[in-house]
Every structure is written in C-alpha cells, then in structure tokens.
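Read the numbers this way: they start at 1 and go in the same order the structure lists the ligands and their atoms.
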Amino acid sequence: MDLKKKIQSKKAEIGIVGLGYVGLPLAMEFVRAGFMVHGIDLNQERVRCINQGVSHVLDVPSDVLRAAVDSGRFKSYPSYSIVSDTDCVIICVPTPLRHTKDPDMSHVVSATENIAKRLHKNMLVVLQSTTYPGTTNEVLIPEFKSDHLEIGRDLFVAFSPERVDPGNPVYNTKNTPKIVGGVTPRCTEMAQTLYEQALDTVIPVSSTGAAEMVKLLENTFRAVNIGLVNEIAIICEKLGVSVWEVIQAAATKPFGFMPFYPGPGLGGHCIPIDPLYLSWRLKALNYNARFIEMASDVNTHMPEYCVDRIHRLMNKHKKCVNGARILVLGVAYKKDISDVRESPALDIIRLLQVDGALVDYTDPYVGELDLEGKKMQSVAIDAQGVAKYDLVTVVTDHSSFDYPMIQASASLIFDTRNAYKMAAQNVYKL
Ligand SMILES: NC(=O)c1ccc[n+]([C@@H]2O[C@H](COP(=O)([O-])OP(=O)(O)OC[C@H]3O[C@@H](n4cnc5c(N)ncnc54)[C@H](O)[C@@H]3O)[C@@H](O)[C@H]2O)c1
C-alpha cells in the first residue's frame, strides 16, 4: 500500500526514537490517534519503566501511559531492531552542548546510523531534535543515500521542530501548531500527512533548512529578549529604580512592546543551548552572530550577578556569606516542573558554596540534586526551619511555595523572580 494511504488509514506503524520530554508525549498523541507506536530508547531502565506504565515525564501522567501500554498499541525497546518493521520514524534524541559550547551531535548521529541500517521502501523519517540549519541535509541524507531508495520517491525525509513547553497548562503537543519541511515537496507532504492524523494544526514550509531555522528564530528571540531584560535589571539597580515596576508600566502600552522578565539566568534544554547551535553554524560561514553571543554572555553571568547581590545585601545587614546558612527556594529551571538541566540554581548553589555558605535547597519537584557527584537532598520547610537561615533566595517560583509563611519567618530574602508581589522590609528584589 502507498505510504500516504497507509498513514491516512492509521495502518502505518510509528517508531519514536528517544522517549524523553518530547518523545513520550508525542508517542501518546499517536497512540490516542489510533496508531501502533514503538518507542526506542537506549536507556534500558527508562524503557523498563515505560513498559510498566511508569512515566518520568510530568506532562504524561502514569495512568495515561499505562492505558496506552495496556491497549497493546505502545511498546518500547532498548534497541533499534524494531525500526525495520516501522513505516514512519521520528527522532527525538537530545542535542546538548559539549563543554566547549559546540553542538554535541553524537545522539543524532548514532540514531541516524542505526536507522540507516534499517531503511526500506515506503518509509518516512522525521528529525525533531533541535539542531543547526543544514543538519537534515548534511547529517541524515548522506547516511540514507542508497542505490535502491530514491529520496522523495521511495524514502521520505523531513525536519519538524519541537515546540513543546513542559508544564504549560494551555499549550501541549496536540494543540501547538507543528511546522514541517521536507527534503522534497513529496517528503513535506508525507510528514504533513503523518502529523495531521494526531495534531490539530500542521504548517508546511518549503525546505528542511527553513523548518530548522524556525525553531532557532523562536528560541533566539527569547534568549535575546531575556538577555536584554536581564541587562535592564542590572541597569535599573544602578539607577535605583525597580525593574519590575518599569516592566509592569511599559507593558500597559497596547502595541509595540512585549514584556519579558529578568531572572537568575537561563535553564532547560532549549533557550540556553539552541541559539548557540546557530552561532556555531554561522562561525563556519565566517559570520559572528553578535546578538546571540551578547545575550548568551549576559544570561550566563546572571547567577554570578545574583550571588554578588547576595553578598552586598548581607553586607548591608552586617552579615557575610562565608559561614552563612542560605536556603535556595526552587532549583528546577522553571515553575512547576522537575527539570534541572542547565538550571541557574545549580550555579548559584555552587558559587555560594565556593564563598563558604552552608547552602540548603527546597523544591517540591526535585527530591535530590547531583552537583558534579555531590548529592544534596531537598529540605522540608516550616516557619521555624526558615527562621534558621541568614538568607532565603527565590530562584524558581513554584506555585506551591507558602510565600506568606516564608516572608513572615525569614530574616532576609533575595527574590530573583518577583515571586512576592507585595513589598516587605525583608524582601529585596533582583
Ligand atoms: N524538553 C523540551 O522542553 C524541548 C522543547 C523543544 C525541543 N526540545 C528538543 O527535543 C530534543 C529532545 O529533548 P528532550 O528534552 O526530550 O530530551 P530528553 O533527554 O528528555 O530525552 C531524550 C531521550 O533520548 C534517549 N536517547 C539518547 N540518545 C539516544 C539514541 N542514540 N538512541 C535512542 N535514544 C536515545 C535518552 O535516553 C532520553 O530518554 C532535543 O533536541 C531538545 O533540544 C526539547
């Protein structure tokens, strides 16, 4: 049967490679749409848990996962052999940075090589991992070239950027519009047909390069605007005005202004990383992506700036950081999720420890932290406990924090998130 018809009749079998924050919710959407879905992930323990219906992704409750597994339409594997039996494969593996801040493409390369060995006629492969423009054509296509499979006729290859925002109560995998760009128009059509079976809106673009660039524009836009507002926060402190008041007032303008908010730095697997994939690519073309480099510089120095403010604040109150007991409120990189990847809280804890502070943290979503091999456990907090600290710093504004209690009990608070909407004597804001 023709692949398009197979997809439209939901007879196509789908492989999702990489069952993390992106792959697992996507797998659930295709199961919900009526497809047979095969998960592939090299993390054996993760695969074991998933097959038992135990989810590690907050946006996929375990009962939803269990129902998918029990339906017989979702099974996961710690190897690639099943790829030979699939019609469509979607790659959702990580794309982190190396220590040198260069792209680490090893997961994409390994997934590509493993899929390449199992390609067959009438197959669609879509890359969803965020990456630099050119990846699909330069990394996937050379591996997929063969004498018996012509791309656009026998084999279809496309890129589709992932836009999921973990923890977002309104927008999820299903209702966030999906961009697709294929190597050929037929490839685009095939990828569009696939996603249209499970997601609300699919928007085709003319090429894989355009689709790759869409994601990088979106995330560079955020990184640059956050960098700008972080610099405005530093400027406002020097001028003795409240950055929060200034943003709130500026946001009353009904056109031409979109509020962004300062914070302790960028976290997660997207905003701190993706723009650097773009600037890295541009370096090879002898172009220095100045906005990206500058925003990255401002954003990566925010933890240092916050710790500097903590030093000055304690000094003002005749205390010093060395030997002080400091409580960090929230270590996830954003509100109401458990992801600590690239979280600025980790840098803040490290910097405070280097300066001699005795640091604890509390985070309802993160029971344990691994700071380069040194483990820390989240502490439970009550009024008496909070009062023992010389300073409390809000790094992540989780909804469940009891701010009135914390404010009433803490001697000194440094708030990097404007979590306290009310002014109080002991609260100092970024
Ligand atoms: N997390 C987000 O909010 C988000 C949003 C948009 C885009 N993205 C992008 O989506 C991609 C995936 O991100 P994620 O957050 O889901 O990552 P993740 O770390 O949560 O999950 C990736 C999974 O891939 C598995 N894996 C790694 N290498 C593999 C390989 N060679 N073969 C098979 N499995 C492999 C890992 O074991 C892991 O389970 C990245 O490129 C990321 O930039 C993420």
Atoms of ligand 1 close to [X] [distance to a heavy atom under 4.0 angstrom, numbered from 1]:
X: Arg46; result: 38 (C), 39 (O)
X: Pro166; result: 3 (O)
X: Lys215; result: 6 (C), 7 (C)
X: Tyr80; result: 30 (C), 31 (N), 32 (N), 33 (C)
X: Leu42; result: 30 (C), 31 (N), 32 (N), 33 (C), 34 (N)
X: Val164; result: 3 (O), 5 (C)
X: His107; result: 27 (C), 28 (N), 31 (N)
X: Glu162; result: 6 (C), 7 (C)

Pair [X] + [Y]: basic N to acidic O under 4.0 Å:
X: Glu218; Y: Arg163; value: yes
X: Glu304; Y: Arg309; value: no
X: Glu293; Y: Arg290; value: no
X: Arg341; Y: Asp339; value: yes
X: Arg350; Y: Asp355; value: no

In terms of residue, atom name and distance, what is the protein heavy atom nearest to [atom]?
atom: atom 41 (O) of ligand 1; result: Thr95 OG1, 2.6 Å
atom: atom 42 (C) of ligand 1; result: His269 CD2, 3.4 Å
atom: atom 26 (N) of ligand 1; result: Pro94 CD, 4.0 Å
atom: atom 9 (C) of ligand 1; result: Thr130 OG1, 3.5 Å
atom: atom 31 (N) of ligand 1; result: Ser110 OG, 3.1 Å
atom: atom 17 (O) of ligand 1; result: Arg341 NH1, 3.6 Å
atom: atom 29 (C) of ligand 1; result: Val93 CG1, 3.7 Å
atom: atom 24 (O) of ligand 1; result: Gly18 CA, 3.3 Å

**Message:** What I'd like to find out is whether the side chain of Thr208 reaches to under 4.5 Å of the side chain of Cys187, using heavy atoms alone.
**Reply:**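 Result no, sub-4.5 Å side-chain heavy-atom pair not found.
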**Student check: side-chain heavy atoms of Ile348 and Pro264 closer than 4.5 Å** =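 The answer is yes, as the side chains (C-beta and beyond) meet within the 4.5 Å cut-off.
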**Request:** Look at the rings of His398 and Phe401 and say which category their plane angle falls in: under 30° parallel, 30 to 60° tilted, over 60° perpendicular.
**Result:**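 Answer is tilted, since the angle falls between 30° and 60°.
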**Item:** Parallel, tilted or perpendicular: ring planes of Tyr195 versus Phe30, cut at 30 and 60 degrees
**Value:**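 Plane angle between 30° and 60°, so tilted.
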When you look for heavy atoms under 4.0 Å from ligand 1, do you find them on the side chain of [X], its backbone, both, or neither?
X: His56; result: neither
X: Leu19; result: backbone
X: Cys270; result: side chain
X: Val17; result: side chain

**Prompt:** Does any donor atom in the side chain of Asp360 or Tyr389 lie under 3.5 Å from an acceptor atom in the other side chain?
**Reply:**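 There is such a pair (donor and acceptor under 3.5 Å, judged by atom type) between the side chains of Asp360 and Tyr389.
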**Message:** Pair Ser160, Lys178 - check side-chain hydrogen bond (donor to acceptor under 3.5 Å, both in side chains), show working.
**Reply:** CA-CA 7 Å; Ser160 178; Lys178 195 96 180 92; 2.9 Å; yes
**Request:** Measure across Leu327 and Thr362 and return the closest heavy-atom pair with its distance rounded to 0.1 Å.
**Result:**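 Minimum heavy-atom contact is CD1-N, 4.1 Å.
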**Request:** Applying ring-ring contact (aromatic ring centres under 6.0 Å, His included), run through Tyr21 and His269 and close with a yes or a no.
**Result:** CA-CA 10 Å; Tyr21 290 94; His269 191 18; 8.8 Å; no
**Contact check: Val22 vs ligand 1, nitrogen or oxygen atoms, below 3.5 angstrom** =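 The answer is yes, given that Val22 and ligand 1 share an N or O pair closer than 3.5 Å.
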**Request:** Run down the list Asn43, Val109, Asp41 and name the one with the heavy atom closest to atom 36 (C) of ligand 1.
**Result:**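 The nearest heavy atom belongs to Asp41.
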